[in-house]
Student: 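Below you'll find the structure I mean.
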Amino acid sequence: MTMKPNDYHVSMDALSSLCKRRGFIFQTSEIYGGINGFWDYGPLGVELKRNIKESWWKSVVQTRENVVGLDSSIIMHPRVWEASGHIGNFKDPMVDCRETKSRYRADQILVFKHKSNAATLMFAYPEDEAPPAKKVKKIGKQRADDYETVPLMDIPVENYDRLVGPDTNEAGTLTEPRAFNLMFKTFVGPLEESANVAYLRPETAQGIFAQFGNVLATARQKMPFGIAQIGKAFRNEINPRNYTFRSREFEQMELEFFIQPGTDAEWHEYWVAERLSWYGKVGLPEGRMHRDIHEGDALAHYASACTDIMYDFPFGTQELEGIAARGNFDLTQHQKTSGKGLEYFDEETKEKYLPHVIEPSAGVDRIALALLCEAYRVEWIPKGKEGGEVVTADPDARQAPEGYEARTVLRFAPCIAPYKVAVFPLLKNKPELVAKAREVFDRLNERWTCFYDQAGAIGRRYRRQDEIGTPLGITIDFDTLEDDTVTVRDRDTMEQIRMPISELENYIAERVRF
RNA sequence: GCGGGUGUAGCUCAGUGGUAGAGCGUCACGUUGCCAACGUGACUGUCGUCGGUUCGAAUCCGAUCACCCGCUCCA
């Protein structure tokens, strides 16, 4: 039997409904009405996330001699954020120019406007420059003598439509001033004083840079080598949206891979390829994955390359991971701000340098969401026992066509499925079957997450497991009592094979391997 | 942030001023020899929250919160 590819997009309503119903994802503190941008993972969701993180850790850290792990604290010294540029650039109200994409501090911008308050054009300019008298003449067709200077903050936002930005000749391109500090602020110690202000980290990366010296001194690593970290990060997003995609509290998996300066391009390419291969293994097909290569203006000023790994979500193609070549921007900043030397002495070349870094930075929650979107199918299967082709349901159709019935299934890659195996006695009122099933369950449960179920008809139990993505179902029947064989039912094909209990562990190990 | 929409049982939803409902699900018992069977019974609600109008509000009004859609935004 051939399966059609998942060539349609699940509706996010249907997905979030299933996630709630089956215990993957809940709204945080739901009984109090929830909070925008925060989500909880239920019993199945937490297993899914653990599998994603463990798979990443294994692939990036444990199977590599030259990558080590770190678990840094969420609250760090505030000067970390000064060094990284997270404080300073973003604590003041900013205005953006929609046309030139420039960003200005609103309190450093002045406005040249007509003294009479007439509805003529107004001209914004930086406070350290002279008023733009020429623009008044050329674009505004007015006399500069009739104009006066006022702070930008005094201009009502509703008049921005006749405000010309500093680097443009067109009116109405400036956004209203907005505070851009997206870091959560808190206080260390019981006194809420400004001296005690601290921040929840907006990324895990800076913990790695701040401990670069200690790891270098203790881990006996030589260039190139990496430091990896998985942990929570917090951003006070203006507008969380798309289910769990943009949350205010989220989990990152970040690697800082330190390299000799000049080898940036090759290592960047290497990690893009490594990471794409990992996405394939956890179940995101090539056809749904894209690289977004940042160039020119889209590149941060310190980066020499950045490739985003994108996935086709139902709500659009969105970033799962960014892989940036950040040069030595961060180590330079921390060295400067802390006054502590962070240079590396290369015994081979007898050179001392600040290593460059390649940073693959992935969002665990986004990957979990992508895996759920990808895995979710409603299939129409022929009624009756045998034959007929399974088709992927039209997502807009409300009912299966005549002769078919709907089946909801999460086709997770087995390595990330919350439960690997479900074990069923064929009938619950036959003590011999139940006893044997418990015996098989206990044995398998030592190695894998297993689910035992004896409630209801066997077909119903299979379907329940389909809906939570359990790849294998094992049924103990009367033949088992005779010859110690069981049926193993495949989630995707719904086909069954008969197998001795003694072979089960090898078979499962092979099927669920990463 | 702006505009529109929606909030009733775990899920999907009906209920337009007069005693809170259905299907599915969940659980128990019985039945059941492999793909959402059946029977009986049980569970679940401050009708998102707060306030107002009214003799009386799930229903009308206001505010607020959350979610969805479209813009916007996303170092």
Side-chain angles (χ1 to χ4, degrees), chain A residues 11-23 26-39 42 81 84-91 94 96 98 101 103 157 175-183 202-203 235-248 298-303 308 314-316 318-319 322 324 379 381-386 390 398 400 405-409 424-430 433 454-467 473-481 486-491 493-498:
Chain A
S11 93
M12 294 308 288
D13 283 348
L15 182 67
S16 59
S17 160
L18 177 119
C19 284
K20 166 117 196 252
R21 186 159 36 101
R22 290 306 192 183
F26 307 125
Q27 221 183 343
T28 193
S29 37
E30 192 198 69
I31 56 171
Y32 293 102
I35 310 185
N36 191 351
F38 297 91
W39 301 90
W81 308 114
S84 68
H86 286 85
I87 306 182
N89 292 346
F90 300 106
K91 69 182 172 192
M94 310 290 284
D96 290 308
R98 295 188 188 90
K101 306 291 179 199
R103 177 167 290 162
V157 173
T175 64
E176 63 184 287
R178 292 166 295 190
F180 261 80
N181 191 351
L182 299 189
M183 285 196 291
E203 60 178 37
R235 293 184 197 180
N236 214 342
E237 296 285 355
I238 296 164
N239 189 8
R241 197 54 88 76
N242 289 328
Y243 201 26
T244 60
F245 181 80
R246 180 171 293 125
S247 300
R248 291 183 162 129
L299 217 47
H301 62 91
Y302 47 80
D308 284 346
F315 47 82
Q318 299 281 353
E319 177 187 350
E379 293 172 351
I381 62 174
K383 280 182 184 166
K385 304 272 184 212
E386 304 291 333
V390 174
R398 296 192 71 93
E405 59 186 352
R407 172 175 88 128
T408 302
V409 55
F424 315 114
L426 183 59
L427 297 172
K428 73 172 170 187
N429 60 357
K430 298 288 185 288
L433 291 180
Q454 63 180 30
I458 190 70
R460 180 189 193 75
R461 284 178 268 164
Y462 287 148
R463 295 298 177 84
R464 274 200 282 241
Q465 293 304 313
D466 290 342
E467 218 178 32
I474 293 174
T475 302
I476 281 71
D477 59 22
F478 291 100
D479 290 343
T480 311
L481 303 176
V486 294
T487 61
V488 179
R489 182 257 192 189
D490 183 278
R491 174 197 68 199
T493 62
M494 296 188 285
E495 281 162 6
Q496 300 183 34
I497 54 175
R498 192 132 201 121

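This structure is a prediction, so every number in the text was calculated from the model and none was measured. Throughout, protein chains are lettered first and strands after them, A, B, ... in sequence-line order, and every chain is numbered starting at 1.
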Student: When the P atoms of B:G51 and B:A37 are compared, how many Å lie between them, rounded to an integer?
Tutor: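 Result for the P pair: 46 Å, nearest Å.
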Student: Could you state the CD-P distance from A:E379 to B:C35, rounded to the nearest angstrom?
Tutor: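 Result: 17 Å.
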Student: If we take the C1' atom in both B:A66 and B:U31, what is their distance in whole Å?
Tutor: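 Their C1' atoms lie roughly 45 Å apart.
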Student: With respect to the phosphate group of B:G10, does any side-chain polar atom (N or O) of A:K20 fall under 4.0 Å of OP1 or OP2?
Tutor: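 Indeed not, no polar side-chain atom of A:K20 lies that close.
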Student: Checking the side chain of A:R248 only, and the main-chain atoms of A:E237 only, is there a donor and an acceptor separated by less than 3.5 Å?
Tutor: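 Checked: pair present.
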Student: For B:U26 and A:R460 - does any side-chain N or O of the residue sit under 4.0 Å from the phosphate oxygens OP1/OP2?
Tutor: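 True: A:R460 side-chain N/O within range (under 4.0 Å) of B:U26 OP1/OP2.
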Student: Judged by atom type as modelled, is there a donor-acceptor pair below 3.5 Å linking the side chain of A:R461 to the main-chain atoms of A:G456?
Tutor: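 Yes, the answer is positive, given that a donor and an acceptor are paired below the 3.5 Å cut-off.
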Student: Just so I know, are the side chains of A:E467 and A:L18 near enough to count as touching, which here means a heavy-atom distance under 4.5 Å?
Tutor: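 Of all side-chain heavy-atom pairs linking A:L18 with A:E467, at least one is under 4.5 Å.
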Student: Report the residue (A:G33 or A:V486) whose heavy-atom-nearest nucleotide on RNA chain B is the more 5′ of the two.
Tutor: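 On the 5' side of the pair lies A:V486.
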Student: Between B:G5 and B:C61, how far is it from one P atom to the other, in whole Å?
Tutor: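 13 Å, rounded to whole Å.
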Student: Flag the pair A:Q27 / A:W39 as yes when at least one side-chain heavy-atom distance between them is below 4.5 Å, and no otherwise.
Tutor: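 Counting from C-beta outward, A:Q27 and A:W39 do come under 4.5 Å.
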Student: Base, sugar-phosphate alone, or nothing: which one does A:S16 contact when heavy atoms must sit under 4.0 Å apart?
Tutor: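 No contact.
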Student: Roughly how far apart, to the nearest Å, are B:A9 and B:C50 at atom P?
Tutor: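 Approximately 16 Å lies between the P atom of B:A9 and that of B:C50.
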Student: Compare all side-chain heavy atoms of A:F38 with those of A:S29 and state whether any distance is below 4.5 angstrom.
Tutor: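 Contact flag for A:F38/A:S29 side chains = no.
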Student: For the pair made of CD in A:E319 and C1' in B:C73, what is the distance, rounded to whole Å?
Tutor: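 For the pair A:E319 CD and B:C73 C1', the rounded distance is 15 Å.
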Student: Between A:N429 and B:U31, is there a side-chain N or O to OP1/OP2 distance below 4.0 Å?
Tutor: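 So the side chain of A:N429 is within the cut-off, an N or O lying under 4.0 Å from OP1 or OP2 of B:U31.
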Student: If we take the C1' atom in both B:C69 and B:G10, what is their distance in whole Å?
Tutor: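 Here B:C69 and B:G10 have their C1' atoms 26 Å from each other.
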Student: Answer yes or no: is there a donor N or O on one side and an acceptor on the other, between the side chain of A:R235 and the main chain of A:L182, under 3.5 Å?
Tutor: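 Checked: no pair found.
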Student: In whole Å, what is the span from the OH atom of A:Y462 to the P atom of B:A37?
Tutor: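 About 13 Å, once rounded to whole Å.
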Student: Would you say that A:R241 contacts A:F315 through its side chain, given a criterion of any heavy-atom pair below 4.5 Å between the two side chains?
Tutor: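 They are not in side-chain contact.
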Student: Using only modelled atom types and a 3.5 angstrom limit, is any donor from either the side chain of A:N239 or the base of B:G1 paired with an acceptor on the other?
Tutor: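 For A:N239, whose side chain was compared with the base of B:G1, there is a donor-acceptor pair (under 3.5 Å).
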Student: Does B:G21 pair with anything, Watson-Crick or G-U wobble, both distances under 3.5 Å, and if so, with which nucleotide?
Tutor: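 Pair assignment: B:G21 / B:C13.
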Student: Tell me which of A:W39 and A:D490 sits closer to the 5' end of RNA chain B, going by the nucleotide each one is nearest to.
Tutor: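 So the residue in question is A:D490.
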Student: Take the protein atom OH of A:Y32 and the nucleotide atom C1' of B:U64, then report the distance between them rounded to whole Å.
Tutor: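 Rounded to the whole Å, the gap is 18 Å.
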Student: What I want to check is whether an N or O donor and acceptor connect the side chain of A:T487 with the base of B:C34 at under 3.5 Å.
Tutor: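 By the distance-only test, yes, there is a pair.
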Student: With rounding to whole Å, what would you report as the distance between B:G48 and B:U59 at their C1' atoms?
Tutor: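 Here B:G48 and B:U59 have their C1' atoms 16 Å from each other.
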Student: Determine the interatomic distance between C1' on B:U44 and the same-named atom on B:A20; round to the nearest Å.
Tutor: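 Taking atom C1' in both B:U44 and B:A20, they lie 13 Å apart.
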Student: Just the rounded figure in Å: distance from C1' of B:G4 to CZ of A:R241.
Tutor: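 So the two atoms are 11 Å apart, to the nearest Å.
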Student: Could you work out the separation of B:A57 and B:A75 based on their P atoms and round it to a whole Å?
Tutor: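 50 Å, rounded to whole Å.
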Student: Nearest to the side chain of A:S17, heavy atoms from C-beta on, is which of B:U12, B:A66, B:U32?
Tutor: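 It is B:U12.
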Student: For B:G3, which nucleotide is its Watson-Crick or G-U wobble mate, given both distances must be under 3.5 Å?
Tutor: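 Looking at the geometry, B:G3 pairs with B:C69.
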Student: Just how far, in rounded Å, is P of B:C34 from CD of A:Q465?
Tutor: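 Going from A:Q465 (CD) to B:C34 (P), I get 19 Å.
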Student: For the base of B:G10, is there a side-chain donor-acceptor partner from A:R22 under 3.5 Å away?
Tutor: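 No, no donor-acceptor pair under 3.5 Å.
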Student: Is there a donor and acceptor pair, one atom on the side chain of A:R489 and one on the base of B:C35, closer than 3.5 Å?
Tutor: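 Answer is yes: a donor-acceptor pair is held.
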Student: Without decimals, in angstroms, what is the distance between A:R248 CZ and B:C73 P?
Tutor: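 Atom-to-atom, A:R248 to B:C73, this comes out as 17 Å.
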Student: Ignoring the backbone of A:N36, work out which of B:G10, B:C67, B:A75 is nearest its side chain.
Tutor: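 Comparing B:G10, B:C67, B:A75 against the side chain of A:N36, the answer is B:C67.
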Student: Counting only Watson-Crick pairs (N1-N3 plus N6-O4 or O6-N4) and G-U wobbles (N1-O2, O6-N3), all under 3.5 Å, who is the partner of B:G30?
Tutor: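 Matched B:G30 with B:C38 under the 3.5 Å cut-off.
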Student: With respect to the side chain of A:D13, which nucleotide from B:C68, B:A75, B:G33 is positioned closest?
Tutor: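 The listed nucleotide nearest to A:D13's side chain is B:C68.
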Student: Could you state the atom-to-atom distance from CD of A:E30 to C1' of B:A9 in whole Å?
Tutor: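 A:E30 atom CD is separated from B:A9 atom C1' by 13 Å.
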Student: Using a cut-off of less than 4.0 Å, is there contact between a side-chain N or O of A:R464 and OP1 or OP2 of B:U26?
Tutor: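 The answer is yes; a side-chain N or O of A:R464 sits under 4.0 Å from OP1 or OP2.
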Student: Side chain of A:R498 only, heavy atoms from C-beta on: which candidate in B:A36, B:C34, B:C69 is closest?
Tutor: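 For A:R498, the side-chain atoms sit closest to B:C34.
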Student: For the residue pair A:D479 and A:R498, establish whether any side-chain heavy-atom pair is separated by less than 4.5 Å.
Tutor: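 Result yes, sub-4.5 Å side-chain heavy-atom pair found.
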Student: Who is the Watson-Crick or G-U wobble partner of B:C60, with both distances under 3.5 Å?
Tutor: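 Pair assignment: B:C60 / B:G52.
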